[in-house]
Protein chains: 2
Amino acid sequence: MDDEPVLPLYAYERLADTIEGEITSGRLVVGARLAAEYELAEIHQVSRNTVRSAVELLRERGLVATKQGAGTYVIRSRRPDTPRE
Amino acid sequence: MDDEPVLPLYAYERLADTIEGEITSGRLVVGARLAAEYELAEIHQVSRNTVRSAVELLRERGLVATKQGAGTYVIRSRRPDTPRE
DNA sequence: AAATATTTGTACGTATGTATG
DNA sequence: GCATACATACGTACAAATATT
């Protein structure tokens, strides 16, 4: 319990939420590729490491999948019902 | 399939395997606290981030749990039967 | 087929923030 | 309040996998 604070505290959480919003809103459809990490870093004015943390969160949420050398792709438009661990 | 290459390729994998060995061998028992990240970094001559990657692996293997401000503790002496994701 | 460019992965260092004791 | 320890965040460099020319 007590997971997921109401306000995303950290930059990587906010970025993950932002990108998740683009997915759930349909602006990023299943199969679409996210911008490259360095691009996301520039766009959102954070470091690439922060982008990677955000994308890691999105992977854990089951929304995207990443392939080295290729990119990160949307694999789901909304979160699977609460992974509960 | 095809997970876990025979030879651990990266420093953080080797370090994780090393620490796992200390756990499975009984030198680190359940409840024991691992050395601090900066200590492990010094001991094994790697960076803190590499230590963190190794510990992250151990968490995924279900062997340890980390509590901010407290430390990383052994919670299991051997891997649970293949987490298969 | 081969070389180049792009993109993610790993690893290092450093600084600052947050939680615990 | 202070010390300790983990967490986040910045930057940098190079390696590895993939895509493109």
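Sequence lines set the chain letters: A, B, ... in the order given, protein chains first and strands last, and positions in each chain run from 1.
- In terms of hydrophobic clustering, with Ile, Leu, Val, Met, Phe, Trp and Tyr side chains grouped at heavy-atom distances under 4.5 Å, A/V30 and A/L34 are assigned to a common cluster.
- For C/dT8, neither phosphate oxygen OP1 nor OP2 lies less than 4.0 angstrom from any side-chain nitrogen or oxygen of A/K67.
- A close approach under 4.0 Å does not occur between any side-chain nitrogen or oxygen of A/Y10 and OP1 or OP2 of D/dT8.
- Close to C/dA11, at under 4.0 Å from its OP1 or OP2, lies no side-chain N or O of B/R52.
- Atom OH in A/Y12 sits roughly 8 Å away from atom C1' in D/dA7 (whole-Å rounding).
- Checked by atom type, the side-chain pair B/R59/B/T66 shows a donor-acceptor distance below 3.5 Å.
- Closest-nucleotide positions on DNA chain D for A/T50 and A/A70 were compared, and the one nearer the 5' end corresponds to A/T50.
- Across all strands shown, A/T72 has heavy atoms under 4.0 Å from sugar-phosphate atoms exclusively, and none from any base.
- Following chains of ILVMFWY side-chain contacts shorter than 4.5 Å, one cannot reach A/Y12 starting from A/L58, and the two form parts of different hydrophobic clusters.
- A donor-acceptor contact closer than 3.5 angstrom is absent between the side chains of A/S53 and A/T50.
- Of the two residues contacting DNA chain D, namely B/L34 and A/G69, the nearest-nucleotide position lying further toward the 5' end is that of B/L34.
- Under the Watson-Crick or G-U wobble criterion, with both distances below 3.5 Å, D/dT20 is paired with C/dA3.
- In terms of phosphate contacts, A/R48 brings no side-chain nitrogen or oxygen within less than 4.0 Å of OP1 or OP2 of D/dA9.
- A sub-4.0 Å separation between OP1 or OP2 of C/dT7 and a side-chain N or O of A/Y38 is present.
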